[in-house]
Structure formats: structure tokens, C-alpha cells
Amino acid sequence: KKRDGKNGAQLFDNAMLDRARSRAEIEANIEAGLVDNWFEAFLQPIVNLNGRGIAGFEALMRLNHPQKGLMPPAEIISVAEETAKIVRVGNVIMEKAIANLAKISRISGMQDTYLAINFSPLQFEPALPARLAAFVGRHGIRPERIVVEITEAVLMHDNPEIRMIVTELRRFGCRIALDDFGTGYSSLSYLNRFPVDIIKIDQSFTRAINDGDDDVRQKSRMLIEGITTLSHKMNCTVIAEGVETEEECRTLHQMGLDYGQGYLFHRPQHAATLIEELMASQSA
Ligand code: C2E
Ligand code: CA
Ligand code: CA
Ligand code: CA
């Protein structure tokens, strides 16, 4: 592709400027959200593929902007990580998610459902275990009900301090889930070096098992089946992410996966909406 040097540079500068402006705006929203309490912990149920009973919930951050409404987390998380505000945001989400779990448990009577919370690398600071302990204590939640979701990015640091904090959380009773499994470079190599209890198969795999291309479909199924067998041998539970169709659900169940999460079952929702939904289905 040929491009005019001067115009090319000009376009590049404008794009960079736009990006900088929108990042500054997001950063301002994060700060305002922390001060004015705009952050919410939405919950998405995780169901047993056999019978579809709710096994747990994943907390998903939402910034509820008074003018713009709900803002999805991807950009907010990346700006929060770059500016280190993720620690404060994460603490707010942790406490709100735990409070929501306590409320849902109280109203629905579900005392064994777990709560999975996403953590960025920066959140693994020495104060984390005590803080989590304080939150679960305050809301009367057993630590065994908490699942700490980490990605390869956390493990990649291979930082002894992070390792110690994860071990401490596990000793406290929390379980560790490896998120987005299959999207990184060397996911398998972490399994023997790190205590993991749950593997979450990324939604790109869930899509691929029904891919139109025969070869892709077959290979994806073999990969997931192999990972599932391996995980079970290592006493790990396997969850499929992004389940959207009955066909996907059926195939995943046949392949031996334990749990599923996706729009087919439930969308991420405000805790109050979720409670209404659960109550309606209980009385139905
Ligand atoms: P994730 O941890 O992989 O979360 C699953 C994402 O898949 C969520 O996106 C969820 O809304 C979406 N999802 C669930 N079911 C389906 C489905 O059937 N189809 C499709 N297409 N998508 C589905 P969301 O809520 O936009 O979150 C995006 C990412 O932001 C999360 O990916 C996670 O990496 C990060 N994130 C969200 N909340 C937090 C948080 O509190 N702390 C941190 N550190 N990261 C968070
Ligand atoms: Ca997650
Ligand atoms: Ca994921
Ligand atoms: Ca993700």
C-alpha cells in the first residue's frame, strides 16, 4: 500500500490524538465513577451443563454513567490497568459482588453457589488476602465460595510475590480459575506450576466447535475434549464460556465439560434483576 509520507504522518497523529483524548475521558470517568459510586458488579450465572442448575456467578464490572448509561468494561479495564486505578476499581467490584452474592443467597436460599471475581495482575498486592477476608467476613460469606479468576497475564509475571498471594488466597479457602484458556501462548505450561482448580475455555473455542469448516470443527472438538480429560485428571473443573446455542450446549455436554456460561442460559445482569428472574423461575 502506497501512502503519502506527509498525509500518512498527519493521519497517524490525528488518530493518536483521538486515542489520547478518549483515554483521558475514560480515565476521568473512572475517577468520577470511584468518587460518585458509578461502578456496579453485574452477575452472570454459571450453570451445570447437566440440568442447568446454577453453580455460581461471575462478577462483571459495569460503569453506569449518569448520562451515557452502562459502559462495557474492556476499555475501562485497560485504562484502569495503565493508570493503576484498577486496584481501587477492583476493590469496589469485590465488595459489591460479595454483597450481591450475600443478598441473592439470603433471598433465594442458595447457600452453595460460588462467586467468581476477575483480577488483574496489579491487584495481587500483599494487602489483597486480608481485604478479601474482611469483605467475606462482613457479608457472612464462606471463603470457599469465592473463586479468583486469573488470566495468563497474572501467571506470566512469574513473580514470587504474586505466587505467594495466590497461594495465600487458596489456603484461605478460595479456588483459582484460569480464565480465557486457550487464547494465550503457553496455557498448558502453567498447569503444572500453578495451583488451578477451574479451567475456563475461551469463547473462541465454544464458537469453533460448530464452525462451518469440517477440519476446524473436528480439531477444535479434539482440543477441547483433550483439555477436559487432562483437566479432570488434574482434579480441575471445566467451564465453557460464551455458550449461545442449544447445539453448542449439547456438544459441550457430550464432550464432558462440567459447566457453561453464556447468553443461552443467562446474560450478565444487575443483581436486583437477577433476583427477580430467580424468584420468578422458582415460583413458576
Ligand atoms: P471475561 O472474564 O472473559 O468475561 C466474559 C465476557 O463474556 C463478559 O464480557 C461477558 O459479558 C461475555 N459473555 C458472557 N456470555 C456471553 C455469550 O454468550 N456470548 C458473548 N459473545 N459474550 C458473552 P464483559 O462483561 O464485556 O467483560 C469483558 C472482560 O472485561 C472480561 O472478560 C474480563 O476480562 C474483564 N472484566 C470484567 N469485569 C472485570 C473486573 O471486575 N475486574 C477485572 N480485572 N476485569 C474485568
Ligand atoms: Ca472472567
Ligand atoms: Ca473469559
Ligand atoms: Ca476475557
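Keep in mind it's a predicted model, so treat the numbers as computed, not measured. Counting convention: from 1, in listed order, for ligands and their atoms alike.
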Notebook entry, point to check: Taking the minimum heavy-atom distance to atom 4 (O) of ligand 1, which of Leu60, Asp179, Val154 ranks first?
Noted result: Leu60
Notebook entry, point to check: With atoms numbered from 1 as shown, which atoms in ligand 1 lie under 4.0 angstrom from a non-hydrogen atom of Gln44?
Noted result: 14 (C), 15 (N)
Margin query: Restricting to N, O or S, what is the name of the atom of Asp180 that lies nearest the Ca ion (ligand 3)?
Written below: OD1
Next item on the list: Please find the N/O/S atom of Glu58 nearest to the Ca ion (ligand 2) and write down its name.
Entry: OE2
Margin query: Any salt bridge linking Arg142 with Asp112? Criterion: basic side-chain nitrogen under 4.0 Å from a carboxylate oxygen.
Written below: yes
Check: Should one rank Phe119, Phe39, Tyr263, Phe42 by closest heavy-atom distance to atom 16 (C) of ligand 1, which comes out on top?
Finding: Tyr263
Check: Between Ser120 and ligand 1, is there a nitrogen or oxygen pair with a distance under 3.5 Å?
Finding: yes
Item checked: 4.0 Å heavy-atom contact, Gln261 with ligand 1 -> no
Next item on the list: Give the numbers and elements of all ligand 1 atoms closer than 4.0 Å to a heavy atom of Glu244.
Entry: 17 (C), 18 (O), 19 (N), 20 (C), 21 (N)
Check: Is any N or O atom of Gln203, backbone or side chain, closer than 3.5 Å to an N or O atom of ligand 1?
Finding: yes
Notebook entry, point to check: With a 4.0 Å cut-off on heavy atoms, is Gly90 touching ligand 1?
Noted result: no
Notebook entry, point to check: Does any N, O or S atom of Asp179, backbone or side chain, fall under 3.0 Å from the Ca ion (ligand 2)?
Noted result: yes
Next item on the list: Looking only at distances, please establish whether an N/O atom of ligand 1 is found under 3.5 Å from an N/O atom of Glu58.
Entry: yes
Item checked: Per-atom contacts, ligand 1 versus Asp180 - under 4.0 Å to a heavy atom -> 3 (O)
Check: Quick one: do Glu277 and Arg267 make a salt bridge, cutoff under 4.0 Å?
Finding: no
Next item on the list: Give the numbers and elements of all ligand 1 atoms closer than 4.0 Å to a heavy atom of Glu241.
Entry: 3 (O)
Checklist line | Backbone or side-chain N/O/S of Glu241 under 3.0 Å of the Ca ion (ligand 2) | finding: no
Next item on the list: For the residue pair Thr237 and Ser231, establish whether any side-chain heavy-atom pair is separated by less than 4.5 Å.
Entry: no
Margin query: Using the salt bridge (charged side-chain N to carboxylate O under 4.0 Å, His left out) definition, which of the options Glu168, Glu95, Glu125 pairs with Arg131?
Written below: Glu125
Item checked: the Ca ion (ligand 2) to nearest N/O/S of Asn118 below 3.0 Å -> yes
Notebook entry, point to check: Backbone N or O of Ala41 within a donor-acceptor pair of the Asn100 side chain at under 3.5 Å?
Noted result: yes
Next item on the list: Please report the shortest heavy-atom distance between Ile239 and Leu257, naming the atom on each side.
Entry: C-CD2, 4.3 Å
Next item on the list: Please state which part of Gln123 comes within less than 4.0 Å of ligand 1, counting heavy atoms only: side chain, backbone, both or neither.
Entry: side chain
Check: Under 3.5 Å, side chain of Arg217 to main-chain N/O of Asn210, donor-acceptor pair present?
Finding: no
Notebook entry, point to check: Checking Lys96 side chain against Phe39 main chain: does a donor-acceptor pair fall under 3.5 Å?
Noted result: yes
Notebook entry, point to check: Would you say ligand 1 has an N or O under 3.5 Å from any N or O of Ile86?
Noted result: no
Note to self: Once you restrict to heavy atoms under 4.0 Å, what part of Lys200 touches ligand 1? Side chain, backbone, both or neither.
What the structure shows: neither
Check: Which heavy atom of Ala84 sits nearest a heavy atom of Leu122, and at what distance?
Finding: CA-CD1, 3.9 Å
Check: Within less than 4.0 angstrom of ligand 1, does Glu81 place any heavy atom?
Finding: no
Note to self: Side chains of Glu27 and Thr83 only: does a donor on one sit below 3.5 Å from an acceptor on the other?
What the structure shows: no
Check: Salt bridge or not for Arg175 and Glu144, using N-O below 4.0 Å?
Finding: no
Notebook entry, point to check: For ligand 1, is any non-hydrogen atom under 4.0 Å from Ile93's backbone (N, CA, C, O), its side chain (CB onward), both, or neither?
Noted result: side chain
Notebook entry, point to check: Quick one: does Pro72 get a heavy atom under 4.0 Å from ligand 1?
Noted result: no
Margin query: Out of the candidates Leu178, Ile162, Leu191, only one should pair with Leu155 under the side-chain contact (heavy atoms from CB on, under 4.5 Å) rule; please name it.
Written below: Leu178
Notebook entry, point to check: With distance as the sole test, does Asn118 use its side chain to make a donor-acceptor pair with the main-chain N or O of Glu149 at under 3.5 Å?
Noted result: no
Margin query: As a test of reading the structure, name the N/O/S atom of Glu149 that is nearest the Ca ion (ligand 2).
Written below: OE1
Next item on the list: Just jot down the ligand 1 atoms closer than 4.0 angstrom to any heavy atom of Pro268, in number order.
Entry: 11 (O)
Next item on the list: With heavy atoms only and a cut-off of under 4.0 Å, state how Ile77 meets ligand 1: side chain, backbone, both or neither.
Entry: side chain
Notebook entry, point to check: For atom NZ of Lys85, is the number of surrounding heavy atoms from other residues, nucleotides or ligands below 6.0 Å larger than 12?
Noted result: yes
Check: Does CD in Glu31 sit with more than 12 non-hydrogen atoms of other residues, nucleotides or ligands closer than 6.0 Å?
Finding: yes
